[in-house]
Number of protein chains: 2
Amino acid sequence: MDAEAIKQSLEGSGLRCTPQRYAVMAFLMEHNRHPTAAEIFEAVNRADPRSSRATTYNNLRDLVQAGLVREVAVEGRAARFDVKGMRHHHFICDRCGEVEDMAWYDVPKPAKGSLGKRIVRECELIFRGLCTKCAPRRASG
Amino acid sequence: MDAEAIKQSLEGSGLRCTPQRYAVMAFLMEHNRHPTAAEIFEAVNRADPRSSRATTYNNLRDLVQAGLVREVAVEGRAARFDVKGMRHHHFICDRCGEVEDMAWYDVPKPAKGSLGKRIVRECELIFRGLCTKCAPRRASG
DNA sequence: TCAAGTATTTAGATTATATCTAATATGACA
DNA sequence: TGTCATATTAGATATAATCTAAATACTTGA
């Protein structure tokens with residue numbers, strides 16, 4: 001599909017467009033479910049070329065570092081991965097652990113504890129960055 | 001300190017107030033850092049009575065199920081645990097993985113990508129509950 | 001084209017995190 | 001006290017992720 005676009009975005013981030021890395025990226029874009037590393041590893045190995053588990057993890061780490069992919073931690077389950085496209089929120093199912101995207105503009109109008117057919121138990125803002133201990137000091141210190 | 005309060009809240013949730021379970025709860029309340037299961041295991045074992053790793057995990061699971069404690073998943077690191085007191089948000093440090101509480105009323109006024117001395121890289125709303133597949137169908141089905 | 005350097009991949013070992021098992025202990029209460 | 005459900009335990013096991021060191025594949029410069 002947008003093979004060239006994938007190549008562009010990889011190389012634009014200083015990553016070679018290797019077959020294995022391309023396969024990870026393509027799989028994530030094609031299925032915008034939120035697969036685990038293990039699912040991605042399996043999927044890319046159903047097609048050629050084969051990729052080892054280490055490579056799958058390496059590539060996911062590289063893609064996350066490059067800002068092309070987001071890792072979503074889920075309690076008690078394997079992390080899930082998500083191409084970073086439009087800004088969006090996440091919905092995580094208590095029972096199956098599935099992670100769903102929720103459009104940014106859909107979020108402000110939740111009605112009575114539900115969003116569509118979902119049942120929302122809790123909702124939490126998570127900030128990520130550097131804590132006061134880790135943030136670089138200003139020149140005054 | 002509020003030994004009686006801890007006992008009350010455990011028993012109010014149908015959990016026996018065993019020494020091991022009490023120790024987990026007391027540790028979480030005393031240090032409102034957000035320790036990992038391993039840290040809690042170590043800490044409660046520095047004091048008597050000794051508790052096994054399985055018990056620590058069992059108790060944490062029970063406390064989470066009872067709604068007394070919250071589990072916070074962190075990418076690439078062990079989960080962290082938090083007594084559920086006042087409603088609050090979380091800040092997760094990219095570098096050290098530390099989880100900090102952020103008062104509910106402090107959040108609406110972030111200034112220029114920072115909250116206090118923290119450096120905020122991203123912020124995301126996470127909804128948890130049952131997805132459309134897992135939510136029970138209405139009687140019409 | 002080749003040589004040399006860098007990035008990437010690989011299988012399998014290893015680590016880290018969490019859960020399971022089955023035996024034992026504890027507490028509630030009839 | 002006896003009985004039964006709940007809780008604890010050590011150690012084995014499962015699961016998730018990373019590391020290692022060697023091989024391979026690119027890239028660059030001549």
Side-chain angles (χ1 to χ4, degrees), chain A residues 6-7 10-27 34-45 47-66 68-81 92 96-97 99, chain B residues 6-7 10-27 34-45 47-66 68-81 92 96-97 99:
Chain A
I6 292 177
K7 191 163 179 287
L10 288 176
E11 290 175 350
S13 300
L15 297 170
R16 277 195 205 153
C17 183
T18 67
Q20 294 86 349
R21 192 171 284 152
Y22 177 92
V24 168
M25 200 62 189
F27 180 76
H34 295 66
T36 62
E39 286 166 353
I40 295 168
F41 170 62
E42 246 190 86
V44 303
N45 276 335
D48 266 350
R50 302 192 62 74
S51 178
S52 75
R53 188 157 33 125
T55 297
T56 305
Y57 276 98
N58 286 345
N59 282 332
L60 284 168
R61 184 203 51 217
D62 294 345
L63 292 169
V64 168
Q65 273 179 2
L68 298 174
V69 166
R70 175 192 307 251
E71 180 177 352
V72 183
V74 184
E75 288 84 357
R77 309 195 191 234
R80 285 159 179 277
F81 297 86
I92 304 183
C96 67
V99 176
Chain B
I6 293 177
K7 190 164 181 287
L10 288 176
E11 290 175 350
S13 300
L15 297 170
R16 277 196 205 150
C17 183
T18 67
Q20 294 84 349
R21 190 171 285 151
Y22 176 91
V24 167
M25 199 62 187
F27 181 77
H34 294 69
T36 62
E39 286 166 353
I40 295 169
F41 170 62
E42 244 190 89
V44 303
N45 275 335
D48 264 350
R50 302 193 62 74
S51 178
S52 76
R53 188 158 32 126
T55 297
T56 305
Y57 275 98
N58 286 345
N59 282 332
L60 283 168
R61 185 202 52 219
D62 294 345
L63 292 170
V64 168
Q65 273 178 2
L68 298 174
V69 166
R70 174 192 307 252
E71 181 178 353
V72 184
V74 184
E75 288 85 356
R77 309 196 191 233
R80 283 159 180 276
F81 296 87
I92 304 184
C96 67
V99 176

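Throughout, protein chains are lettered first and strands after them, A, B, ... in sequence-line order, and every chain is numbered starting at 1.
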Give the rounded distance in Å between these two atoms: [atom1] of [X] and [atom2] of [N].
X: B:N45; N: D:dT9; atom1: CG; atom2: C1'; result: 12 Å
X: A:R53; N: D:dA17; atom1: CZ; atom2: C1'; result: 8 Å
X: A:L15; N: C:dT6; atom1: CG; atom2: C1'; result: 14 Å
X: B:E75; N: D:dA16; atom1: CD; atom2: P; result: 16 Å
X: A:I40; N: D:dA16; atom1: CD1; atom2: P; result: 13 Å
X: A:R50; N: D:dT24; atom1: CZ; atom2: P; result: 17 Å
X: B:L60; N: D:dT8; atom1: CG; atom2: C1'; result: 14 Å
X: A:F41; N: D:dT18; atom1: CZ; atom2: C1'; result: 14 Å

Taking only the side-chain nitrogens and oxygens of [X], find out if one of them lies under 4.0 Å from OP1 or OP2 of [N].
X: A:T55; N: C:dT10; value: yes
X: B:S51; N: D:dT9; value: yes
X: A:T18; N: C:dT9; value: yes
X: B:N58; N: D:dT6; value: no
X: A:Y57; N: D:dA17; value: yes
X: B:Q20; N: C:dT26; value: no

Report which part of the nucleic acid B:A54 touches: base, sugar-phosphate, or nothing (heavy-atom distance under 4.0 Å, all strands).
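Base, at least one base atom sits under 4.0 Å.
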Base, sugar-phosphate, or nothing for A:A79, non-hydrogen atoms under 4.0 angstrom?
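The residue A:A79 makes sugar-phosphate contact but no base contact.
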Exam field: side chain [X] to backbone [Y], donor-acceptor pair closer than 3.5 Å:
X: B:E39; Y: B:T36; value: yes
X: B:R53; Y: B:A37; value: no
X: B:R80; Y: B:G97; value: yes

Could you check whether any side-chain heavy atom of A:L63 comes within less than 4.5 Å of a side-chain heavy atom of A:M25, counting everything from C-beta outward?
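Sidechains of A:M25 and A:L63: in contact.
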Between B:G14 and B:G76, which is nearer to the 5' end of DNA chain D once each is assigned its nearest nucleotide?
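This one resolves to B:G14.
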Of A:A37 and B:T56, whose closest DNA chain D nucleotide lies nearer the 5' terminus?
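Comparing both residues, the 5'-ward one is B:T56.
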Nucleotide of C:dG27, C:dA11, D:dT27 approaching B:R16 most closely (side-chain heavy atoms)
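So the side chain of B:R16 is nearest to C:dG27.
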When you match B:R61 and B:E11 each to their closest nucleotide on DNA chain C, which lands nearer the 5' end?
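Going by which nucleotide is closer to the 5' end, it is B:R61.
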Least distance between heavy atoms, A:V72 atom then B:E75 atom:
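Looking at all heavy atoms of both residues, the shortest contact is CA-OE2, 4.0 Å.
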